[in-house]
Amino acid sequence: MFAMGFGIIFTRKNTPKELMLRGVKIYLLGYVLNFFRYGIFNLTEAIFTGEFRSDMLEALFGMDILQFAGLALIFTGILKKLKLREIHMLAIAGVLSVIGSVIPAIDTGNFAGNWLLGHFVYTDPEACTFVFFNWYIFVAIGMVFGSILRKTEDTDRLYKRLLIVS
């Protein structure tokens, strides 16, 4: 996710519209991957056994890293459309991370509610993995680092300082 944020700074196609469109594509690609990775097998089993199990919804709609990446690109596109700089995005990401960390796990009582809410805050392991509020900070840190690196004339000096800190 850090590398994704870093890459957003260095890509030529980083207009808000291009980021949001790429985000939608990646988000949907995550569900296509779910279908071919888990869903097709669960559907085949359901057809042969005649039994629809609840974990089939998890197999088809479980949120994973691609869905998060899509949301992150869409959100970054929105923030860029608002003409916010990377440091502002990092501040917003910090607030989101605090909110995501403070809110306890929420269980809505059904998979659909947990799935929808699980895009943003933690609900349960079946419905969400990479929740937006907690993970967007990594993308924002990558964007800040990328913008610092892009503006740095003496990268050797920057890397030496970072080496000492890290």
Side-chain angles (χ1 to χ4, degrees), residues 1-39 58 60-106 114-166:
M1 289 301 95
F2 177 88
M4 182 178 127
F6 185 83
I8 288 171
I9 298 301
F10 285 94
T11 185
R12 291 185 192 138
K13 297 182 178 184
N14 68 354
T15 66
K17 182 180 177 182
E18 290 168 324
L19 289 173
M20 289 187 275
L21 183 60
R22 190 177 323 138
V24 169
K25 288 177 183 177
I26 290 174
Y27 180 83
L28 294 175
L29 184 64
Y31 290 110
V32 170
L33 180 63
N34 282 359
F35 176 76
F36 286 107
R37 183 174 49 177
Y38 304 121
E58 176 189 343
L60 291 170
F61 298 106
M63 180 135 159
D64 211 338
I65 193 75
L66 284 178
Q67 289 88 347
F68 165 76
L71 288 177
L73 284 168
I74 293 167
F75 188 67
T76 302
I78 291 169
L79 294 179
K80 284 184 75 112
K81 186 127 178 108
L82 295 172
K83 304 213 185 293
L84 296 178
R85 293 180 27 222
E86 290 80 14
I87 196 72
H88 301 124
M89 293 180 198
L90 179 60
I92 291 169
V95 170
L96 291 175
S97 182
V98 168
I99 292 170
S101 297
V102 170
I103 294 176
I106 299 171
N114 286 344
W115 173 76
L116 285 171
L117 192 57
H119 281 74
F120 304 101
V121 295
Y122 186 75
T123 55
D124 66 13
E126 289 81 32
C128 64
T129 306
F130 296 95
V131 293
F132 182 78
F133 279 27
N134 293 87
W135 282 83
Y136 186 69
I137 195 160
F138 295 104
V139 177
I141 290 170
M143 288 188 295
V144 168
F145 181 71
S147 66
I148 289 170
L149 188 62
R150 179 169 253 183
K151 294 173 187 172
T152 301
E153 292 179 18
D154 187 2
T155 55
D156 287 341
R157 187 173 176 192
L158 174 67
Y159 287 136
K160 286 176 186 173
R161 288 181 177 176
L162 289 175
L163 181 64
I164 292 168
V165 172
S166 63

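Residue numbers start at 1 and run along the sequence shown. No hydrogens, no waters, no symmetry mates; every other heavy atom, side chains included, goes into these values.
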Taking side chain to side chain contact (heavy atoms under 4.5 Å, CB included) as the definition, give me every residue that meets it alongside Val24, ordered by chain and number, with sequence neighbours left out. Leu28, Ile74

ring-ring contact (aromatic ring centres under 6.0 Å, His included) filter on Tyr38, not counting sequence neighbours, yields none

Arg150 atom CZ, over 12 foreign heavy atoms within 6.0 Å: yes

For Ile9 and Met143 the tightest heavy-atom approach is CG1-O, 3.3 Å

I need the Ile141 CD1 to Met1 CE distance, nearest 0.5 Å. 13.0 Å

With the side chain counted from C-beta on, respond yes when His88 and Leu79 share a heavy-atom pair under 4.5 Å apart, and no when they do not. no

According to the interplanar angle, ranging from 0 to 90°, do the rings of Phe68 and Phe130 count as parallel (below 30°), tilted (30 to 60°) or perpendicular (above 60°)? tilted

What's the spacing between Ile103 CD1 and Thr123 OG1 if we round to 0.5 Å? 12.0 Å

Tyr31 meets the ring-ring contact (aromatic ring centres under 6.0 Å, His included) criterion, sequence neighbours left out, with Tyr27

Determine yes or no for a side-chain-to-main-chain donor-acceptor pair under 3.5 angstrom, with Thr11 supplying the side chain and Ile8 the backbone. no

Taking side chain as C-beta onward, heavy atoms only, is Arg157 less than 4.5 Å from Lys160? no

Aromatic rings Phe138 and Trp135: how do their planes relate, parallel, tilted or perpendicular, breaks at 30° and 60°? tilted

Quick check for you: to the nearest 0.5 Å, what is the distance between Leu162 atom CG and Leu149 atom CG? 9.0 Å

Test of understanding: with salt bridge (charged side-chain N to carboxylate O under 4.0 Å, His left out), list the residues that count as partners of Arg37, not counting sequence neighbours. Asp64

I'd like to know if the side chain of Thr129 and the backbone of Met63 have a donor-acceptor N/O pair within less than 3.5 Å. yes

Step by step, would you call Lys25 with Leu21 a side chain to side chain contact (heavy atoms under 4.5 Å, CB included)? CA-CA 6 Å; Lys25 288 177 183 177; Leu21 183 60; 4.0 Å; yes

Between Ile148 and Glu86, is there a side-chain heavy-atom distance shorter than 4.5 Å? no

Restricting to non-hydrogen atoms, name the atom on Pro16 and the atom on Gly77 that form the minimum distance, rounded to 0.1 Å. CB-O, 3.3 Å

Name all residues meeting the side-chain hydrogen bond (donor to acceptor under 3.5 Å, both in side chains) criterion together with Thr15; count only those two or more places apart in sequence or in a different chain, and write none if there are none. Glu18

With side chains defined as the heavy atoms from C-beta onward, is the minimum distance between Gln67 and Leu71 less than 4.5 Å? no

Looking at Tyr136 and Ala72, what are the two nearest heavy atoms and their distance? CE1-O, 3.8 Å

Looking only at atom types and distance, does a side-chain atom of Ser101 sit under 3.5 Å from a main-chain N or O of Ser97, one as donor and one as acceptor? yes

Check: Leu116 and Phe61 side chains under 4.5 Å, non-hydrogen atoms: no

Please report the interatomic distance CG(Leu73) to CG(Asn14), rounded to the nearest 0.5 Å. 11.0 Å

For the CG atom of Leu19 and the CD1 atom of Ile26, what is their distance to the nearest 0.5 Å? 9.5 Å

Could you tell me how the ring of Phe133 sits relative to the ring of Phe120: parallel (under 30°), tilted (30 to 60°) or perpendicular (over 60°)? perpendicular

From CG (Asn134) to CG (Leu96), nearest 0.5 Å: 9.5 Å

Heavy-atom side-chain contact between Phe75 and Val139 under 4.5 Å: no

How would you list, by chain and number, every residue that makes a ring-ring contact (aromatic ring centres under 6.0 Å, His included) with Phe2, sequence neighbours excluded? Phe145

